[in-house]
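Worth saying up front: this structure is predicted, and the values here are computed from it rather than measured.
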Amino acid sequence: MNFISHPIKLLAFAALGSGIFLSCAQSKKAVQANAETSVRPSGKVVPVNLKWSERMMLSEMHRFPEAWMLDFSKSPKWTYPTAIVLDGAELLYAKTGKKEYYQYISDFGDKLVMEDGTILTYELEKYNIDLLNSGNVLLYLYEKEKKEKYLKALQTLRRQINGQPRTQEGSFWHKKIYPNQVWLDGLYMGMPFYAHYTCDFSKGAEATKVYDDIVFQFDSVQKNLRDKKTGLLYHAWDESRNEAWADKQTGLSPNFWGRSMGWYGMAMVDVLDYLPKNHPGRARLITYLRDYADAVIKVQDKDNGLWYQILDKPLEKGNYTEATASAMFVYTMIKSVNKGYLPKSYKAYAQKGYDGIIKNLITVDPDGVVNLNKCCAVAGLGGKPYRDGSYEYYVNEEIRSNDAKGTGPFILASLEFEK
């Protein structure tokens, strides 16, 4: 074909070509992380001579070429597990300067936040505290890129906190659809974001009021969910005592679920990153953290260093050493030691747990890709079908490998050990 003698055809071809180019550009990001982790000088997808933090991060990027996939999502969705792995990516970028880690985070923000600040799949009116956690990613991206869309999205998430329903004494409900219920999970989902946002955007009396509110959330949980005999905390509390899973006298759920305790520990140690040094509640939070660590150590398996799905019933039928809780406990303790919240003697327990994860729960594929096995996929209370909080319920939930609720804390714990 003579394109010079057919200008109309030339324009049509150019338009088609630009469409192909746009299509290629749009798909480029989807494979970028995968491509960068697929070609390594060692001939392996993930080089075995790297530290565990990078080995797991690169493995996750290989498995999930876009960060929104980290929650096993089939399409882009605003969920909380992604943010935990991206916390690790932030720290690895700061440590190594490798742009692929930053790109992985940046692509997530670009994909999930529209130009007008709308967050894909997010609905404020549901008042689901889980959905605040990924706000931490946007705080990071706004600090780095100053894009107006991130500021607008952050302001939307902050408005959720203003309207989040509370118990009579002021503790946040977990979700609007779970009235009067406080779950340990919610402390991690909401409080680090609440504190980080306040640190970045609030000052003076306004900031002090928020920090007081944050510390109060932990005070309330310590009062209402902590078992005085063991020091462990129950998964949830129903102020109304109406739920079938709630004890009619105490309102407490019936079991000590490992990951819920893991969420609570990470909530405390991460909130302390933003709580002012001179805040009167800071010392109290550190006391809670030490009591928590003591209770967790008592239920640590003395042989393999790991923790069980139901923490205080290791010998009961069906119970198993669970990866996400184990990684969370290790991260909470080693970070607490590094920050000076716990005495150095606690490092031995964190080290035993970390070694136990690597020995018993980590496998490495021939191409170097690292897997974290025996992760509880999900567990909750109420809903449809109804989750009754029984021992049988927890130990029969799906178990899978490479859940971000385990790989994320493992990356964060590894980074603390690598300091």
Check your understanding: Are Glu169 and Asn224 close enough, and set up right, to give a side-chain hydrogen bond (donor to acceptor under 3.5 Å, both in side chains), and what steps lead you there?
Key -> CA-CA 11 Å; Glu169 69 177 16; Asn224 293 316; 2.7 Å; yes
Exercise for review: Specify the closest pair of heavy atoms between Ala153 and Val113, including all atoms of both residues, with the distance to one decimal.
Suggested key: CB-CG1, 4.0 Å
Check your understanding: Which heavy atom in Gly265 sits nearest to a heavy atom in Leu289, and how many Å separate them?
Key -> O-CD1, 4.3 Å
Review point. Passes side-chain contact (heavy atoms from CB on, under 4.5 Å), Ile161 versus Tyr127? Steps please.
Key: CA-CA 8 Å; Ile161 296 176; Tyr127 290 102; over 6 Å; no
Distance in Å, [X] [atom1] paired with [Y] [atom2], rounded so as to fall on 0.5 Å steps:
X: Leu272; Y: Leu285; atom1: CG; atom2: CG; answer: 4.5 Å
X: Asn402; Y: Leu70; atom1: CG; atom2: CG; answer: 10.5 Å
X: Trp263; Y: Trp257; atom1: CH2; atom2: CH2; answer: 8.0 Å
X: Asp291; Y: Met268; atom1: CG; atom2: CE; answer: 9.0 Å
X: His196; Y: Leu275; atom1: NE2; atom2: CG; answer: 14.0 Å
X: Tyr394; Y: Lys313; atom1: OH; atom2: NZ; answer: 10.5 Å

Closer than 4.0 angstrom, basic N to acidic O: yes or no for [X] and [Y]?
X: Lys352; Y: Asp301; result: no
X: Lys126; Y: Glu123; result: yes
X: Asp116; Y: Lys152; result: no
X: Glu100; Y: Lys98; result: no
X: Lys335; Y: Asp270; result: yes
X: Lys149; Y: Asp110; result: yes
X: Arg63; Y: Glu60; result: yes
X: Asp312; Y: Lys298; result: no
X: Lys374; Y: Asp403; result: no

Does [Y] offer a backbone N or O that forms a donor-acceptor pair with the side chain of [X] under 3.5 Å?
X: Glu397; Y: Cys376; answer: no
X: Ser171; Y: Thr167; answer: no
X: Arg241; Y: Glu239; answer: yes

Point to revise | Evaluation steps, salt bridge (charged side-chain N to carboxylate O under 4.0 Å, His left out), between Glu418 and Lys95 | key: CA-CA 11 Å; Glu418 291 160 15; Lys95 179 182 177 181; 3.0 Å; yes
Practice item. In sequence, state the C-alpha distance, the side-chain angles, and the governing distance for Val395 and Tyr391, and then conclude on side-chain contact (heavy atoms from CB on, under 4.5 Å). Key: CA-CA 6 Å; Val395 299; Tyr391 175 87; 3.7 Å; yes
Enclosure of [X] [atom1] (heavy-atom neighbours >12, cutoff 6.0 Å):
X: Gln168; atom1: CD; answer: no
X: Lys74; atom1: NZ; answer: no
X: Lys302; atom1: NZ; answer: yes
X: Lys347; atom1: NZ; answer: no
X: Tyr150; atom1: OH; answer: yes
X: Lys146; atom1: NZ; answer: yes
X: Gln249; atom1: CD; answer: no

Point to revise | Test log, rule salt bridge (charged side-chain N to carboxylate O under 4.0 Å, His left out), inputs Lys248 and Asp238 | key: CA-CA 9 Å; Lys248 297 310 173 190; Asp238 173 17; over 6 Å; no
**Study point:** Those residues that, when tested against Phe72, pass ring pair (Phe, Tyr, Trp, His ring centres under 6.0 Å) (two or more places apart)
**Key:** Phe64
Do [X] and [Y] come within less than 4.5 Å of each other through their side chains, counting heavy atoms only?
X: Leu86; Y: Tyr104; result: yes
X: Gln222; Y: Leu233; result: yes
X: Tyr349; Y: Val296; result: no
X: Ile362; Y: Phe410; result: yes
X: Ile84; Y: Leu412; result: yes
X: Asp87; Y: Glu90; result: yes
X: Val269; Y: Tyr188; result: no
X: Leu184; Y: Val221; result: yes

Exercise for review: Determine the interplanar angle of the His174 and Trp183 rings, folded into 0 to 90°, and report it as parallel if under 30°, tilted if 30 to 60°, perpendicular if over 60°.
Suggested key: parallel
Exercise for review: Verify side-chain hydrogen bond (donor to acceptor under 3.5 Å, both in side chains) between Asp388 and Ser390, making sure each step is shown before the conclusion.
Suggested key: CA-CA 6 Å; Asp388 64 2; Ser390 65; 2.8 Å; yes
Check your understanding: Listed by chain and number, what are the salt bridge (Lys or Arg N to Asp or Glu O under 4.0 Å) partners of Lys419, not counting sequence neighbours?
Key -> Glu416
**Study point:** Residues Phe201, Leu151; criterion side-chain contact (heavy atoms from CB on, under 4.5 Å); working and verdict
**Key:** CA-CA 10 Å; Phe201 294 106; Leu151 179 60; 3.8 Å; yes
Review point. Do Asn304 and Asn360 pass the side-chain hydrogen bond (donor to acceptor under 3.5 Å, both in side chains) test, and can you show the C-alpha distance, the side-chain angles, and the key distance before you say yes or no?
Key: CA-CA 8 Å; Asn304 58 40; Asn360 299 285; 5.5 Å; no
**Study point:** Chi angles and distances behind the salt bridge (charged side-chain N to carboxylate O under 4.0 Å, His left out) call for Arg284, Asp219
**Key:** CA-CA 9 Å; Arg284 198 157 68 249; Asp219 291 339; 2.8 Å; yes
Point to revise | Steps toward side-chain hydrogen bond (donor to acceptor under 3.5 Å, both in side chains) verdict (Tyr211, His279) | key: CA-CA 8 Å; Tyr211 292 132; His279 191 278; over 6 Å; no
**Study point:** CA sep, side-chain torsions, deciding dist, call: Leu131, Tyr80, side-chain contact (heavy atoms from CB on, under 4.5 Å)
**Key:** CA-CA 6 Å; Leu131 300 184; Tyr80 65 88; 5.7 Å; no
Exercise for review: Tell me whether the centres of the aromatic rings in Phe256 and Tyr234 are closer together than 6.0 Å.
Suggested key: yes
Practice item. Verify the ring-centre separation between Phe417 and Tyr354: is it less than 6.0 angstrom? Key: yes
